[in-house]
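This report concerns only the one structure given below.
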Amino acid sequence: MRGQGNARSSLVQAVSLRPATWHPCLDMGHLHRPRSSTSHRNLTHVFLLFLFVGPFNCLASYSRATELLYSLNEGLPAGVLIGSLAEDLRLLPRASGRQSQQLLHPERTATEGNPPLSFSLASGGLSGQYVTLDNRSGELHTSAQEIDREALCLDGGGGTAWGGSTSIASSPSSDSCLLLLDVLVLPQEYFRFVKVKIAIRDINDNAPQFPISEISVWVPENSPVNTRLAIEHPAVDPDVGINGVQTYRLLDYHGMFTLDVEENENGERTPYLIVMGALDRETQDQYVSIIIAEDGGSPPLLGSATLTIGISDINDNCPLFIDSQINVTVYGNATVGTPIAAVQAVDRDLGTNAQITYSYSQKVPQESKDLFHLDETTGVIKLFSTIGGSVLQTHKLTILANGPGCIPAVITALVSIIKVIFRPPEIVPRYIANEMDGVVYLKELEPVNTPIAFFTIRDPEGKSKINCYLDGEGPFRLAPYKPYNNEYLLETTKPMDYEQQQFYEIAVVAWNSEGFHVKRVVKVQLLDDNDNAPVFLQPLIELTIEENNAPNAFLTKLYATDADSGERGQVSYFLGPDAPSYFSLDSVTGILTVSTQLDREEKEKYRYTVRAVDCGKPPRESVATVALTVLDKNDNSPRFINKDFSFFVPENFPGYGEIGVISVTDADAGRNGWVALSVVNQSDIFVIDTGKGMLRAKVSLDREQQSSYTLWVEAVDGGEPALSSTTKITILLLDINDNPPLVLFPQSNMSYLLVLPSTLPGSPVTEVYAVDKDTGMNAVIAYSIIGRRGPRPESFRIDPKTGNITLEEALLQTDYGLHRLLVKVSDHGYPEPLHSTVMVNLFVNDTVSNESYIESLLRKEPEINIEEKEPQISIEPTHRKAESVSCMPTLVALSVISLGSITLVTGMGIYICLRKGKKHHREDENLEVQIPLKGKIDLCMRERKPMDISNI
């Protein structure tokens with residue numbers, strides 16, 4: 001083998017090489033007999049011919065399969081040489097030396113004209129993870145994926161099987177772990193199908209590990225020496241062979257145990273705990289140690305767990321009495337049921353092994369058993385019957401303590417009875433309070449130290465000292481009544497309350513020095529007084545009811561308690577004087593109702609008192625307060641404060657500016673009183689703020705396009721179902737001087753008019769006619785000539801009101817030619833007037849013989865001096881002269897309206913300034929257009945249709 005020989009010898013080893021098997025069809029004599037080299041070469045040619053004939057030839061089924069076996073350690077790094085297939089493969093037994101050289105040196109075949117050898121895996125799979133194959137040299141190396149034998153073969157199936165190009169196989173009866181590869185050798189004339197087995201050798205890379213950290217083993221305390229107990233949950237080591245678990249040991253044997261290891265047929269080792277000494281649970285019931293598992297690697301690896309050895313109890317102890325005999329003395333007047341003695345035995349075992357029962361021995365006479373009862377569980381001896389005069393004075397009770405599987409323990413109780421002969425004391429009562437049939441009747445309000453009875457104690461024998469005391473619970477006291485002997489007074493110690501306790505039973509007990517007790521029972525019955533007023537469950541009764549309730553609607557049922565008994569505890573209910581008349585209260589049942597329909601909008605809360613009165617004498621009463629809240633129902637539609645709203649807004653009002661507030665109310669409360677406003681029509685122009693009711697315009701409004709708007713605003717509340725109402729909103733736009741006058745005639749600066757020289761002075765020549773889209777003073781127009789050019793242009797004047805141009809002086813011969821008048825048309829708008837200009841061209845001549853000449857003159861740039869003289873102010877809009885007289889009332893009315901509008905606009909302007917903190921100027925838009933003094937004037941305009949010439 002080539003390359004990395006040392007590594008391969010220690011980590012990787014080629015184990016065997018097995019040549020291919022000949023097919024029976026090739027088992028012919030001439031193939032096995034020795035031949036010359038020429039014959040052998042011819043035979044090879046024949047063989048190659050048969051190889052390519054097809055699958056139906058006998059030689060085509062010849063098997064060229066070879067198996068190679070390598071072995072290597074797990075966990076090797078990448079690049080370790082596993083083996084060279086080119087070196088480890090052998091040719092067929094009859095292959096020529098030339099072919100052998102080609103197989104052994106594949107790199108030479110290409111240089112000698114033969115195709116080179118190629119090695120490849122039959123298909124993909126695990127080969128790319130764990131091994132790499134050089135396609136040219138056939139060298140097999142470890143890949144970057146480290147081989148972990150335990151991960152590959154821990155759960156591998158039994159047997160060795162080929163699957164695809166690579167597979168993994170493990171043998172259940174051995175420690176072998178194989179990586180199986182299928183390799184193809186090409187080209188066709190050297191075709192081989194090689195099965196490569198790589199045996200993965202185990203290394204000690206895993207320490208033993210117990211499946212649980214704490215192991216418990218129970219050992220009976222009577223286990224003999226050398227008792228063997230298997231320890232469940234042995235340690236597990238994924239490594240195999242000598243690297244697996246080999247031995248176990250304990251860190252502390254406590255001098256009582258040792259460990260042994262047994263191996264079964266499958267090679268599994270199980271630790272056994274061996275008892276080496278006598279165990280006694282009563283001495284020590286548990287042993288704790290550490291169990292250690294050790295493998296056979298070099299160095300060995302360890303695993304540990306806590307081993308708890310519990311000693312289970314057996315019944316190896318019997319009950320024992322501390323004493324063998326006890327002496328008991330009983331008086332002849334002892335009460336039946338009185339305990340006279342108790343015996344107790346001890347058993348050191350646990351649980352059922354320590355259960356003890358007591359019983360009399362069969363030697364005990366039946367008479368003694370009938371007189372004294374023995375509790376078989378507790379061992380208590382009680383007097384079972386009255387001691388008579390004929391009863392034996394001494395009783396010997398033999399008692400047995402029995403345990404399971406034990407001989408009973410024995411103790412003797414010697415009982416001596418002392419007889420007593422006397423007459424008991426006498427108790428003589430003399431009642432002070434009312435008494436009937438042995439029952440004393442007291443009122444609950446009796447004061448402290450109220451006497452009940454005298455008791456006289458008598459001793460018939462006159463020899464014994466008698467003591468007396470009161471037995472029972474209650475506010476009573478029995479005290480000697482001085483200066484008399486054996487006289488006792490029974491009296492109360494504190495006030496008594498019938499409502500807490502109505503009946504007492506006490507006893508006066510007298511006993512003498514002989515131990516005899518005499519009891520006299522006294523029964524005390526309290527009589528009730530009307531000392532408690534009725535009590536409402538709640539001093540404040542909070543109620544709710546929806547408005548618009550039905551008549552006689554139920555509100556609540558009042559309930560008051562009275563601790564007194566009988567009639568004194570019967571309660572009647574009444575309304576207080578502050579209760580409205582439409583509330584009623586049933587005096588017997590306490591049912592509170594309202595007889596009328598309540599309206600929350602009229603009154604939301606009611607507060608009045610109710611009384612609970614008992615039937616005592618004198619009667620007692622208590623008062624509670626009823627707080628009734630009327631809940632809202634959506635029974636009121638939203639209501640606008642005005643039937644309709646009108647707002648005056650200056651035109652060009654900025655978008656989303658505040659026009660006005662639409663005030664609306666809803667008498668309902670809560671969600672029912674929430675009101676949402678919306679614009680029903682014109683919603684594309686106007687919007688309303690639902691929260692504040694502020695009406696806004698989405699866009700700027702132009703009065704010249706539309707002077708007023710009529711809106712319908714709907715208010716919807718939040719109730720279910722919702723209620724709504726609508727109102728009419730009228731928005732009137734106030735005019736702002738935002739339109740300069742529009743000159744309708746002349747239609748163009750290039751138009752001209754022929755003026756005959758014979759025109760008389762004072763005759764109208766032409767007119768300038770303009771209109772203004774604004775209203776009021778903003779539409780009042782004044783005309784003035786601000787520039788002149790021509791032979792004698794001052795011969796013409798313009799009426800500032802009508803715009804009529806007349807001839808002032810007679811025309812002379814020198815006045816022939818083109819006269820050009822620059823007319824300024826100005827309005828009287830506020831705060832700043834706007835104006836337009838127009839050029840009036842007058843051609844003084846007899847005829848118009850050469851129009852082209854005139855047009856050439858119009859195209860020339862006129863040099864016109866601008867006159868600064870302002871026109872005379874007009875007080876009426878410009879109309880035709882024929883209508884000036886008949887429109888005088890209209891003009892007066894318009895003037896008044898204009899003045900009012902100006903005042904309103906001024907107020908709105910001040911309001912906007914205060915709101916916004918600054919004025920809104922249109923600095924970028926100059927509505928006043930003037931002809932520059934020395935600029936060029938465009939005079940080439942069409943004259944066929946009216947046009948606004950304010951833009952020249």
Side-chain angles (χ1 to χ4, degrees), residues 1-5 7-21 63-92 103-104 117-135 137-186 190-203 238-241 243:
M1 299 182 183
R2 301 174 298 155
Q4 302 182 10
R8 185 178 176 194
S9 61
S10 60
L11 303 176
V12 182
Q13 179 181 358
V15 178
S16 64
L17 175 64
R18 186 172 60 191
T21 305
S63 175
R64 297 188 178 186
T66 305
E67 293 185 2
L68 291 179
L69 177 62
Y70 299 97
S71 64
L72 73 159
N73 290 345
E74 63 174 327
L76 293 179
V80 175
L81 177 63
I82 300 174
S84 176
L85 302 184
E87 292 183 3
D88 296 338
L89 287 173
R90 296 296 182 264
L91 297 176
L92 294 174
L103 289 173
L104 294 174
L117 291 176
S118 174
F119 300 87
S120 63
L121 297 173
S123 61
L126 298 176
S127 59
Q129 297 185 21
Y130 301 107
V131 298
T132 58
L133 176 63
D134 192 304
N135 293 339
S137 65
E139 290 185 350
L140 202 61
H141 295 82
T142 58
S143 68
Q145 178 69 37
E146 183 179 290
I147 298 176
D148 185 358
R149 181 188 179 281
E150 290 73 31
L152 287 174
C153 299
L154 184 62
D155 298 328
T160 303
W162 302 89
S165 65
T166 60
S167 62
I168 300 169
S170 61
S171 175
S173 60
S174 64
D175 298 336
S176 63
C177 177
L178 300 179
L179 181 65
L180 308 180
L181 309 175
D182 291 345
V183 181
L184 297 177
V185 181
L186 297 174
Y190 307 115
F191 172 73
R192 294 290 186 274
F193 181 72
V194 183
K195 291 184 176 291
V196 179
K197 297 181 179 179
I198 303 175
I200 310 301
R201 292 196 297 266
D202 183 47
I203 63 173
D239 297 325
V240 297
N243 294 329

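Positions are given from 1 along the sequence.
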To the nearest 0.5 angstrom, please state how far the NE2 atom of His141 sits from the CG atom of Leu81. 4.5 Å
Polar side-chain atom of Ser84 near backbone of Glu139 as donor-acceptor pair, under 3.5 Å: no
Could you walk me through whether Val185 and Val194 satisfy the side-chain contact (heavy atoms from CB on, under 4.5 Å) test, starting with their C-alpha distance in whole Å, then the side-chain angles of each, then the deciding distance to 0.1 Å, before giving a yes or no? CA-CA 8 Å; Val185 181; Val194 183; 4.1 Å; yes
Might you point out which heavy atoms bring Val196 and Leu140 nearest each other, and give the distance in Å? CG1-CD2, 4.3 Å
Roughly how far, to the nearest 0.5 Å, is the CD1 atom of Ile203 from the CG atom of Asp239? 8.0 Å
For Ala86 versus Ser137, what's the shortest heavy-atom pair and its separation? CB-O, 3.4 Å
Heavy-atom pair of closest approach, residues Glu146 and Tyr130: O-CE2, 4.0 Å
Taking all atoms of both residues into account, what is the closest heavy-atom pair of Arg201 and Arg149, and its distance? C-CD, 4.1 Å
For residues Leu89 and Phe119, determine if any side-chain heavy atom of one lies less than 4.5 Å from a side-chain heavy atom of the other. yes
Is there a donor-acceptor contact under 3.5 Å from the side chain of Ser143 to the main chain of Gln129? yes
Quick one: SG on Cys153 to CD1 on Ile200, what's the gap to the nearest 0.5 Å? 7.0 Å
Distance-minimising heavy-atom pair for Glu74 and Ile147: CB-O, 3.5 Å
Side chain of Asp202, backbone of Val240: donor and acceptor closer than 3.5 Å? yes
Option among Leu181, Val183, Asp134 that satisfies the side chain to side chain contact (heavy atoms under 4.5 Å, CB included) test with Leu85: Val183
Under 3.5 Å donor-acceptor, Thr142 side chain and Pro77 backbone: yes
When rounded to the nearest 0.5 angstrom, what distance separates CG in Asp182 from CZ in Phe193? 4.0 Å
With rounding to the nearest 0.5 angstrom, report the CD1 to CG distance, Ile82 to Leu68. 12.0 Å
Which residues pass the side-chain contact (heavy atoms from CB on, under 4.5 Å) test with Asn135, not counting sequence neighbours? none
In Å and rounded to the nearest 0.5 Å, what is the CG to CG distance from Leu186 to Leu117? 9.0 Å
